[in-house]
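To keep things clear, I will list the structure first and then write my remarks on it.
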Amino acid sequence: MIVIQNFSKAYSKNKYAVKDLNLTIDNGDICAFVGHNGAGKTTTLKCIVGILDFKEGDIFINDKSIKTASLDCKKGIAYIPDNPDIYEHLRGIDYINFIASVFKIPHQKKIELTQRYSEMFEMSQYLNQSINNYSHGMKQKISLIAALIHEPQVLILDEPFVGLDPISTHKLKEEMQRLASNGATILFSTHILDVAEKLCNKIAILKEGKLIYSGKMSELIQNKSLEEIYMEMDNNVELI
Amino acid sequence: MSNLFNLVKINFASYLPLNKKDSSLTFFKAFLFLLLYFLIGLFIYRFAKYMINGFHVLNMEGLALSEFFAFSSMFILALSIFRMDIFNSKDQDLLRSLPISKKVIITSKLFNIYLYNLLIIIIIMVPCYLAYINIISSSSSFLFNCLISLFIIPIIPTVIAVLINSIITVISANFKYKKAIQTILMLLLLLFSLYFSFHLNSNLELNLLDIKDSFSSFFNRIYPLTKYYTSMLIDNNITSLMIFIGVSFFSIFILIIFLSIFYNKVTNRITVSSLKKVDYNKLSNDNLLLSLIKKDLKRILGSPNYLLNSCLGLLLILILSILLIFFDIDNIENIPINSNTLINYLPLVFLFLILLSSTTSSSISIEGNNFYILKMLPIKFREVWLSKVLCNFLLIVTFCLVSLGIFNLSLDISFKTNLLTILIIICSGLFISIYGLVINLLFPVLSWKSEIKVIKQSAASFITIFSSLLLGIFLAFNDYISSNGYIFYISLSFLIVSVILILFLNTIGNKIYQNMSC
């Protein structure tokens, strides 16, 4: 469960990337985080996973504050950045092994999960290669395998479908649904509104650092498409 | 021409503290950096004054300039030879996709290396010229020639370094294990350089009746352009000036032609690799600390740049120990040491070279865009710094103990000297590993395009290498080195300082780390 309370993040005095954000995502929810470029989505996601620090407000992961108990929070989180910069000097298998060691995954389970996810994302034959030689999509897949291998309770993904081939996109969506049905909390930013509409039961829309809508997807779209509603909201909603 | 100007401008801008979040901190760091430059300049000025005064008595003060010219050229040659960013920088794909010719891309990259070397030449040569002018009154033509020489001196060493480096990259690009071949070729180059310098020293013929000629021919043998430089500067010889400038520019023109022939082929081959299926059962079962150390070790060993620049002292001591198996030090003429002196001061030799070996001075910066991984994972800062320190410490201990073992094969080293050497290896190794990390934590650079920027050109690596060099000189060359218990006391001092630095890391260092983000 993710609870964001009165969260603001300023990069300099009076220049807020995100202002007064309140959002709750329950266990089992798949929540789409939507907004234009520079709306503050990535900043919020980075603060949720503890990459960026912040002064105003708080973020709770399964009732623990990322500010005061960041290590405990991080034990249950997996994060995929929008640009999968990973250790290029390592081979794919070394990176997965490194992440597995950090999360102290038992050896046998590590072998099983590595094999499972590598085959799922068709990466088995590339794991022995240096990440330096991977395409953007392959780096994305390695990041996904490394993120899923420790069976996270909270999955934070920043535009996870960019660069993925159609089969992997489909499998990732299936895996997200499986994790959510097992009680995981999933929050991902996306610009692909079709995917958000079909995959998510919740949505949060950000505009210029402020939340303009959050709630159930079904309540928002009713008999229109998400794209139509998003365009209307973007044009009409005045910032609070 | 405008493309070249734009590329140079972009690269140059990355050196300047523009668009940084906290400008006050940036200016504070810039102030510290300038202060360091000033102190180094002051040190060189005093040294140059001392030398010029000495030569002035013998009426051959020009030799001081020759010496500074030859050694500063050799210094920047040694610094540039391990730079591999002509073919390897991160912006390679972007630049190749733009309508910019290969020659312009290569020239812009050469210009970057040149600018860096120019800065070093200014730091070394300007204090030397000032000392010369202070002691020997000089004409306006001398001042003009000094100014011209500052811009010309870095060209030839830059060209030679890039040429050698490029040949190594071109050869290694044809192999499957490119990085390993690169590292081996670089080590062979280092071995050859040391052999060459031994050979050069042993052939120095000092004619006491004509010391000036002896030294002049020695400097000319080290670097043949020395005679044109001296003639241009001291005698105001226009022909020498023209030859000096002509040779420099012609060599850079030839280098650009040479590099442009291989540019596409090499940059393409660098990214090729083979497919081999993974055996899941061979996955290792490491704990967190070990996986962090392994990750960092692979980073160091996988990058010839990082290894050769950060572990130069360790490589030198290993090569020195190997060379002594083939050379009898007592039979090499004109070097100021014999086997007994070397044995007596062996712990200090190790100390001096260990202080030049710090991978930690750039081990946080080298994370670059990957730094978010450490931040998002449930890893304490204590585990991060411990792994980085242990990684450097393990490298130091491994290299030094192997070297000490090889020294024992060629020299008759007593048990006590062996013991003291091991003590100094452990204590100074621990100190330099922690010290480098503290400096890197204070001066981190996480956004970079080429790893060279953090390994060699960052404030952290610069401060670490120069301050530890000065410390090494201070500890290895003073009046107390022969006194009883000297090695023990400095080892103890290293341990005490290391404990203080650990306290710093666990308190202030932890806060700095938590506030860092890429």
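All chains are named by letter (A, B, ...) in the order of the sequence lines, taking the proteins before the strands, and each is independently numbered beginning at 1.
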* Could you have a look at B:Lys380, B:Lys295, B:Glu383, B:Lys298 and say which one has the most heavy-atom pairs with chain A under 4.5 angstrom? => B:Lys295
* Over 12 foreign heavy atoms within 6.0 Å of CG, A:Asp63 -> no
* Asked: Under the side chain to side chain contact (heavy atoms under 4.5 Å, CB included) test, which residues partner A:Asp20, sequence neighbours left out?
  -> A:Ser8
* Partner chain B: residue of A:Asp53, A:Thr114, A:Leu90 with the largest heavy-atom pair count (under 4.5 Å) -> A:Thr114
* **Flag side-chain contact, heavy atom, 4.5 Å: A:Tyr87 against B:Arg299** => no
* In chain order, what residues pass the side chain to side chain contact (heavy atoms under 4.5 Å, CB included) check against B:Leu289, with sequence neighbours excluded? -> B:Asn287, B:Ile293, B:Leu386, B:Ser387, B:Leu390
* Asked: So which of A:Ala146, A:Ser118, A:Cys73, A:Ser70 has the largest heavy-atom pair count under 4.5 angstrom toward chain B?
  -> A:Ser118
* Asked: Which atom names give the shortest non-hydrogen contact between B:Pro378 and A:Lys75, and what distance separates them?
  -> CB-CG, 3.6 Å
* Asked: Would you say the side chain of A:Ile77 lies within less than 4.5 Å of the side chain of B:Met376, judging by non-hydrogen atoms?
  -> no
* Nearest-0.5 Å distance that lies between atom NZ in B:Lys375 and atom NZ in A:Lys74 -> 6.0 Å
* Check each atom of A:Leu71 against the heavy atoms of chain B and say whether the ones under 4.5 Å are side chain, backbone, both or neither. => both
* Asked: Given the options B:Leu374, B:Ile373, B:Leu288, B:Leu301, which has more heavy-atom pairs under 4.5 Å with chain A than any of the others?
  -> B:Ile373
* Structure fact -> Among residues 94-109 of chain A, those lying within the under-4.5 Å heavy-atom range of chain B are A:Asp94, A:Tyr95, A:Asn97, A:Phe98, A:Ile99, A:Ser101, A:Val102, A:Phe103, A:His107
* Stepwise, does the side-chain contact (heavy atoms from CB on, under 4.5 Å) test hold for B:Tyr372 with A:Ile86? -> CA-CA 9 Å; B:Tyr372 79 91; A:Ile86 39 181; 3.9 Å; yes
* In terms of heavy-atom pairs under 4.5 Å with chain B, which of A:Ala78, A:Gly50, A:Pro81 leads? -> A:Pro81
* Asked: Which one of B:Leu290, B:Leu377, B:Leu292, B:Ile379 has the most heavy-atom pairs closer than 4.5 Å to chain A?
  -> B:Leu377
* Would you find more than 12 non-hydrogen atoms of other residues, nucleotides or ligands less than 6.0 Å from A:Arg116 atom CZ? -> yes
* Asked: With sequence neighbours excluded, what pairs up with B:Lys294 under the side chain to side chain contact (heavy atoms under 4.5 Å, CB included) test?
  -> B:Ser284, B:Asp286
